[in-house]
Amino acid sequence: MNGDAVISIGSYIETLVDWLNVNHAAPFEMLSALMERSVKLLEAVLLFPNAFVVMIVVALLAWKVAGRQVGALTFGGLLFCYLMDLWKATMLTTALVGVSTMAALLVAIPLGIWSAVNPTADKITRPVMDFMQTMPPWVYLIPAVILFSLGRAPAVIATAVFAIPPALRLTSLGIKEVPKDQLEVGKAFGATQGQIIWKIQIPTAMPSIMAGVNQCIMMSLAMVVLAGLIGAGGLGGEVVRGLTRMMIGVGVRSGLAIVILAIIFDRVTQGMVALSKR
Amino acid sequence: MTAETKVLPLNSTKPATLMDQHAAKSEQVPAIECRHVWKIYGKNEQRAHQAVKTENISKEACLAEYGCVIGVVDASFSVNQGEIFCIMGLSGSGKSTLMRHVNRLIEPTDGQILINGTDIGTLSTPEMRALRAKKIGMVFQNMALLPHRNVRDNVAFGLEVRKVPKKERHAAAENALALVHLDGWGDRFPRELSGGMQQRVGLARALASDPDILLMDEPFSALDPLIRRQLQDQFLELSQKLKKTTLFITHDLDEAIRIGAHIAIMKDGVLVQIGTPEEIVTNPTDEYVADFVAGISRLHLVSATTVMYPAVDFLRKFPEVAAEQLPSVGPDDDLDTLVEIMTDVEANRVAVRADGKIIGIVTRRSLLRGIQGKPTEKIQFDAAQPQDAQAAGGA
Ligand SMILES: Nc1ncnc2c1ncn2[C@@H]1O[C@H](COP(=O)(O)OP(=O)(O)O)[C@@H](O)[C@H]1O
Ligand SMILES: [Mg+2]
C-alpha cells in the first residue's frame, strides 16, 4: 500500500509500534491492567446499588453543583436511559469516560501548568497539541489496538490521549492569563515561586482549568462511543451493533442515550465552571 | 475596643533580624536610601547604560541603537525614618520602576539601594523574601486583590506565605482591617466591595505584617475624586498614628503636597527636584516643575517668613510704623492665617514674631504677591522712591 511513497511515514510508525510491542510489552501490559481494573471498579460501583439510588444520588450531586434545573434534568435523563433498558450500557460508558478523563487530566493539568511557566516546555507542547488535535480520532485506535489489543483498556487509553489537548491548552492559557500585578503581589509579599503557582496562578486560572475539564469530558465521551468499534462495549458497542446489523431502532435509542449523557456531563461541568468563577 | 488601643500581635513577638541590628543607630540612618540608581530595560542594558552615561545619548537614540528603554536615570534620594516621601511625575516618567527597586522586584542596572543602612543588593534570595514579607508592605494602583480569596485571606496573604499559623494570621488580618475601618468585612469577596473599600483592603494587606516601610504606587489614582480625598484623609490620620516610613507615588501634585513631607519630582527617569512642598512650590528648579506648581494654591503651603519684609529693613525705611502694636503671627503660620488676620481686624500690616521678637513685617502687598507666587521685593534705600512705598508705608 505504501510501496510507491517516497517517504513512507506509515511504515516507520508501524516499525516503531511493532518494536515497542515486541521489546517493551511489560509497561503496556501494566498500564492496560490498571485501566482495565479502574473501569471495572468504577462500573461495579455504579451498578452495585439499585439503579434508582444511583439516579437520585447523581441528581442530587448535579443539583448541588449546577442548580435545581440541572438536577432535575439529570434525574429525568437517567430515568429515560433506564426505561430504554440501556442502564448497564450507560453506566459502563460513564465508567469509561470517568477513567479516561481522569487519566487525561492527570497528564494535561501538570503539563499545562509547566508549559505556562516554562517557555521551552511551551515550545514543545504547542506543536504536539496541534498535531494531536487535527489527527482524525479513529487513527488513535490503531496503535492502541496493536499495543493493548481489543477491549476496554485500549479504548480508555486512546480516549485519554485524544482528550488531553483541550485540557492542556486551557490550563496553560488560564495560567498565562493571570494578571501580571497579581504575580507582583506574590513577589512583593515574599512568596516563593511554588507559592505563587499554588496560591495565585492555579486558583485564579480555575475557571479556565474547569473549562478544560469540561472539554476533556465531552471529547472523552465522543471517543468512547467511537471505541465501540474496538470492543469497548457500553453505548458505543450498542451503536456498533445497530450499525453492523442494520437495526435502526438499536442505533437510535443508544444514540439518544449518548445525547442525554452528553447533556448531563456538559451541564454539570458548566456548573462547576460557574462555581469556580465565584 | 478602639483602633488606637489595638496593637498588631506580631509587633511584640518580632524576632531579631538583620534590620534590627541597625535599630540603635536608626535615628541617623535613613529608612530608605537610593544611591545613583539606574535602570535601563532591555537586553543590552549595560552597554546602553555606558552610552547614556558617557555620551549622554537621548532616549530615542538609546531605543534605536540599543533597543533599550530608559527607566530611571541616576536617581539618588533618601527617606527618613517615619516620614512620607512622595514621588510625583507624569505617567511613564519612571516612578513605578524606581519604587520597585526598593523591594527589589526590579534589579538596578547600576547603583545601590539601602534599607536601614543595609545594601539589599547583597541579600540572598531567601533573605530578600524575608525582608519583603516582614519589613516592606506594598499597595498597588489597581488594588490587585486576589479574586478567589475573601477579604480576610487577602489581608493575611503575606503572613500565610510566611507560614504564620491560621489563628494568628487571621487575628492580625482583623486588626489590620480595623485600622482601615473595615472590621466585619473579612468574609466578603473583593468583587463585593467598592473601589475605595478594595483599596483599603489593599492597605490593610500591606499593614497586616506590621512592616516598617510602606510602598504605595498611586494607591488612590484609580478612585473618584471624592473617595480619593476621603482616603487621603484616612491615610494621613492612620499614618500619624503608625508612623511608618512611606514611599508614595502619585501623578497629582495636590496629593503629593497634602501627603508628603518631602516630594521628589520625576521627569523622563530623572529626579529633577527634591524638597519640601514649600520649597518646591516657592522655588521650582526649572520650567517643568514651575508648570506643575503654577496652579497650586499657596495658602496652606507658604509660611509668613517667605512673604515678610525683614523687620530691620522695614522699620528703617518706615520708622513711623508702630510695630509693637501690630497684630502678630508665628514664623511658620501660613498665608491663610495672614489673610484671616488681615481681613478680620482690618489690619494692613502684620508682625511676624519668633520667641516674642519681631523678625519681619507682612504687608498687604507682600501677602498678595506671595499668594500669586511672586517673590517679596527687597526694600530699596536709594533716593528714588521704592515701588513698595505706597503700599507698604502708606495707608
Ligand atoms: N518591563 C518593562 N520593560 C520595558 N520597558 C518598561 C518596563 N516597565 C516599564 N517600562 C518603561 O519604563 C518607563 C517608565 O515606566 P514606569 O516606571 O511604569 O512609569 P510610571 O510609573 O511613572 O508611569 C516607561 O517608558 C515604560 O514604558
Ligand atoms: Mg506607574
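Letters A, B, ... are given to chains in the order of the sequence lines, protein chains preceding strands, and every chain is numbered from 1.
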Visitor: Relative to chain A, which segment of B:Leu105 carries a heavy atom at a distance below 4.5 Å: side chain, backbone, both, or neither?
Guide: both
Visitor: Hydrogens and angles aside, do A:Gln182 and A:Thr204 bring a side-chain donor and acceptor to less than 3.5 Å of each other?
Guide: yes
Visitor: Heavy-atom pairs under 4.5 Å with chain A are the metric here; pick the option from B:Arg149, B:Met128, B:His148 that has the most.
Guide: B:His148
Visitor: Relative to A:Phe189, does A:Lys187 satisfy both conditions: NZ or CZ under 6.0 angstrom from the six-membered ring centre, and within 45 degrees of the ring's axis?
Guide: no
Visitor: With chain A, which of B:Met138, B:Arg100, B:Gln141, B:Arg104 has the greatest number of heavy-atom pairs at distances under 4.5 Å?
Guide: B:Arg100
Visitor: For A:Arg169 and A:Gln133, does a side-chain donor sit closer than 3.5 Å to a side-chain acceptor?
Guide: yes
Visitor: Between B:Phe189 and chain A, which part of the residue has a heavy atom less than 4.5 Å away: side chain, backbone, both or neither?
Guide: neither
Visitor: Side chain, backbone, both or neither: which part of B:Leu145 has a non-hydrogen atom closer than 4.5 Å to chain A?
Guide: backbone
Visitor: Say whether, by atom type as modelled, one donor and one acceptor occur between the side chain of A:Thr101 and the main chain of A:Val97 under 3.5 angstrom.
Guide: yes
Visitor: Is it the backbone or the side chain of A:Ser276 that comes under 4.5 Å from a heavy atom of chain B, or both, or neither?
Guide: neither
Visitor: Kindly assign one of parallel, tilted or perpendicular to the pair B:Phe85 and B:Phe77, based on the angle between their ring planes and the thresholds 30° and 60°.
Guide: parallel
Visitor: Would you say A:Tyr140 and A:Thr159 are linked by a side-chain donor-acceptor pair, where the criterion is simply a distance under 3.5 Å?
Guide: no
Visitor: Which atoms of A:Pro179 are under 4.5 Å from chain B, going by heavy atoms: the side chain, the backbone, both sets, or neither?
Guide: neither
Visitor: Against chain A, label B:Arg191 side chain, backbone, both or neither, depending on which of its atoms sit under 4.5 Å from a heavy atom there.
Guide: side chain
